Amino acid sequence: MKKNTPLPPLDAAEQKRYIEVMRAENDRVFESTGKRRGAFIETFGCQQNVADSEKFAGMCVSMGYAIVKEAADADFIVVNTCAIREHAEKRTLSIIGQYKHLKEKNPALVIAVCGCMMAQEHRQDDIKFRYPYVDFVMGPSSLHRLPQLLCQKLKTGKRIYCPEEAEYTVVEDLPIRRESDYRAWVSVMYGCNNFCSYCIVPYVRGRERSREKDKIIAEVQELVAAGYKDITLLGQNVNSYAKDRADGYDFADLLAELDAIDGDFVLRFMTSHPKDASRKLIDVMASSKHIAHQFHLPMQSGSDRILSAMNRHYDTARYLDIVDYMKEKMPDVTITSDIIVGFPGETEEDFEGTMQMLSHVQFDMLYSFIYSPRKGTPAALMEQVPREVTAVRFDRLLALQKEIGQARNEELVGKTLRVLCDGVSKGNEALYSGRTEGNKIAFFEGTSADTGKFINVTVERADAFALWGKKQ
Ligand code: SAH
Ligand code: SF4
Ligand code: F3S
């Protein structure tokens, strides 16, 4: 497919006009049928995408749609895609494939495919040639164009392949419809400048750009005033926050300002890059009132050679230095990490390095991934590790982490922890579940009045992934 010229920038007033056009049309349908048109939003990928989907939902509600829980009930489907690993992409395409029969049943159904996969030309081509019933596609930087593209599609009847934006910007003041009324996501910055050699994110999300601190502070203040209890600040590398502004203000300063907000709430953030995680940041956390003693610090590998090939800009000594400082300042800190197994060129010795780091750091939890080659990234061109070798290493890593996770969680038996209750547990309806300040899942006997509230739970039993206890 040939690269299209970018669309002219869309300002807030114009965006509002498109919303109003759709609103008038959807209100008219509601008045004549008694039923609101439904919008269904399907989300893949990381918390950034979850946060973006809350904006898609906000725009849909402003346009007069009711958000529905089943694709089959929708007049408008938005698929928010993820490109991080091949598995994620394949699953998404297969789900888009299943929407074909919905379109056959209801030709008026509009299907939009958005998100990171659609910032890649070859994936836009997949949709163009293999999924002809998809009405329009756009990448994450064009999120605010949803009403515009929807209006254009309905007016012209033509499929739209939205080109990448001429410039990556921060679009403020989009309507947000949050999934929860006590947990909230707040993006503090977008994009990534790091170009880790395996990762697609910088290509699909563009360069780093930070939101104005006053906008972030106002949003968090509003959330706290509205009763939100658990607020997570989001960015691909939050420690780069405001580096594009060059006035010396940094993420630790932002955290300190947010911590000063009055109220009963917990503040978290993700993700930190070990090359930028500073002692100042840890000091702010340790002396804070609201910041959870929880740190997600992706290590990726325990081999200095591999870390260098990954273009991560730190070594294991630097990683351990941060971890040691964190443990010294916050003995109760929960540390989690991301690990990639089978990065190109990973030898048995490199992998042993990762296993040793696991034993040394004693992570509370790991998100481990088998390396997946991403088109256009440098690592995809390097010599790949055979699947069978990677599979054995992956199982060994999971087994070791299971032991460590179990031991870490058992240390909490007998302790009373503050848990934010999420309601009846999905897996076992006799129990309620919630998250501790360290973001661990806890199960207990609760009541519906506990949902969305902090309660104290004394831990009685633990496995590698969860805690069980008694409500106080
Ligand atoms: N910005 C965050 C994480 C972004 S993606 C960070 O830098 O930590 C989340 C995780 O997916 C990464 O930490 C990495 O472990 C994993 N990941 C990214 N690209 C991958 C790939 N090509 N194959 C396997 N795992 C990958
Ligand atoms: Fe990807 Fe690295 Fe950026 Fe994280 S820091 S999003 S792993 S390029
Ligand atoms: Fe996936 Fe995009 Fe997030 S590629 S992991 S949804 S930034």
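Keep in mind it's a predicted model, so treat the numbers as computed, not measured. Start at 1 and go down the list; that is how both ligands and their atoms are numbered. Only this structure's heavy atoms are used, side chains among them; waters, hydrogens and symmetry mates stay out.
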Identify, by atom number and element, the atoms of ligand 2 in contact range of [X], meaning under 4.0 Å from any of its heavy atoms.
{"X": "Phe195", "result": "8 (S)"}
{"X": "Pro202", "result": "8 (S)"}
{"X": "Arg312", "result": "2 (Fe), 7 (S)"}
{"X": "Val201", "result": "6 (S)"}
{"X": "Cys199", "result": "1 (Fe), 6 (S), 7 (S), 8 (S)"}
{"X": "His273", "result": "5 (S)"}

Provide, to 0.1 Å, the distance between [atom] and the closest protein heavy atom, together with that atom's residue and name.
{"atom": "atom 15 (O) of ligand 1", "value": "Gln300 OE1, 2.7 Å"}
{"atom": "atom 5 (S) of ligand 2", "value": "Asn194 ND2, 3.3 Å"}
{"atom": "atom 4 (S) of ligand 3", "value": "Ala83 N, 3.2 Å"}
{"atom": "atom 6 (C) of ligand 1", "value": "Thr271 CG2, 3.8 Å"}
{"atom": "atom 24 (C) of ligand 1", "value": "Ile370 O, 3.5 Å"}
{"atom": "atom 8 (S) of ligand 2", "value": "Cys196 N, 3.4 Å"}

State whether Cys116 contributes an N/O/S atom found under 2.8 Å from atom 2 (Fe) of ligand 3.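 Coordinating: yes.
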Given that the side chain starts at C-beta and the backbone is N, CA, C, O, which of these parts of Tyr198 lies under 4.0 Å from ligand 2, counting heavy atoms, or is it both or neither?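 It is the side chain that touches ligand 2; the backbone stays farther off.
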Part of Pro298 within contact of ligand 2 (heavy atoms, under 4.0 Å):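 Under 4.0 Å from ligand 2, Pro298 contributes no heavy atoms.
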Heavy atoms only: which of Gln236, Lys275, Arg374, Gln300 lies closest to atom 4 (Fe) of ligand 2?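 Looking at heavy atoms only, Gln236 sits closest to atom 4 (Fe) of ligand 2.
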So, is [X] polar-close to ligand 1, with some N/O to N/O distance under 3.5 Å?
{"X": "Asp338", "result": "yes"}
{"X": "Gln236", "result": "yes"}
{"X": "Ser272", "result": "no"}
{"X": "Tyr371", "result": "no"}

For [X], which part has a heavy atom under 4.0 Å from ligand 1: side chain, backbone, both, or neither?
{"X": "Tyr198", "answer": "both"}
{"X": "Ile84", "answer": "both"}
{"X": "Arg85", "answer": "side chain"}
{"X": "Pro298", "answer": "side chain"}
{"X": "Arg312", "answer": "side chain"}

Quick check: Tyr371 with Tyr198 (ring centres under 6.0 Å apart)?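 So the answer is no for these two rings.
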Check: Phe369 ring centroid to Phe394 ring centroid under 6.0 Å: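 That pair fails the under 6.0 Å test.
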Between [X] and [Y], do the side chains contain an N or O donor and an N or O acceptor separated by less than 3.5 Å?
{"X": "Thr334", "Y": "Gln294", "value": "no"}
{"X": "Ser272", "Y": "Asn239", "value": "yes"}
{"X": "Asp253", "Y": "Tyr241", "value": "no"}
{"X": "Gln362", "Y": "Arg408", "value": "no"}

Sub-4.0 Å heavy-atom approach of Asn237 to ligand 1: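 Contact check Asn237 vs ligand 1: negative.
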Kindly give the heavy-atom pair with the smallest separation between Ser337 and Leu297, and that separation in Å.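 Closest approach of Ser337 to Leu297: OG-O, 2.8 Å.
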Run the numbers on Asp304 and Arg318 for salt bridge (charged side-chain N to carboxylate O under 4.0 Å, His left out), then give the verdict. CA-CA 10 Å; Asp304 289 343; Arg318 154 85 185 148; over 6 Å; no
Does a side-chain heavy-atom distance below 4.5 Å link Asp463 with Gln406?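 A side-chain contact under 4.5 Å exists here.
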Is any side-chain heavy atom of Glu165 closer than 4.5 Å to a side-chain heavy atom of Arg145?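 A side-chain contact exists here, since the closest heavy-atom pair is under 4.5 Å.
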Distance filter under 4.0 Å to [X] heavy atoms, resulting ligand 3 atoms:
{"X": "Cys82", "value": "1 (Fe), 4 (S), 5 (S), 6 (S)"}
{"X": "Gln236", "value": "7 (S)"}
{"X": "Cys46", "value": "3 (Fe), 5 (S), 6 (S), 7 (S)"}

Consider ligand 2: state whether an atom of it lies below 4.0 angstrom from any non-hydrogen atom of Arg205.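 The answer is no, since Arg205 has no heavy atom less than 4.0 Å from ligand 2.
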Identify whether the distance between the nearest side-chain nitrogen and carboxylate oxygen of Glu219 and Arg178 falls below 4.0 Å.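 Yes, charged N to carboxylate O under 4.0 Å.
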So, 2.8 Å as the limit: is an N/O/S atom of Cys192 located closer than that to atom 3 (Fe) of ligand 2?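 Yes, since at least one N, O or S atom of Cys192 sits under 2.8 Å from atom 3 (Fe) of ligand 2.
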Distance under 4.0 Å to a non-hydrogen atom of Ser372: what atoms of ligand 1 satisfy this?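 Counting from 1, the qualifying ligand atoms are 21 (C), 22 (N), 23 (N), 24 (C).
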For ligand 3, is Gln48 a contact, meaning one of its heavy atoms is under 4.0 Å away?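 Gln48: no contact with ligand 3 (<4.0 Å).
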Lys280 atom NZ, neighbour heavy-atom count above 12 within 6.0 Å: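 Result for NZ/Lys280: enclosed.
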Near Glu410 CD, under 6.0 Å, is it more than 12 heavy atoms from other residues, nucleotides or ligands?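 More than 12 heavy atoms, drawn from other residues, nucleotides or ligands, come within 6.0 Å of this atom.
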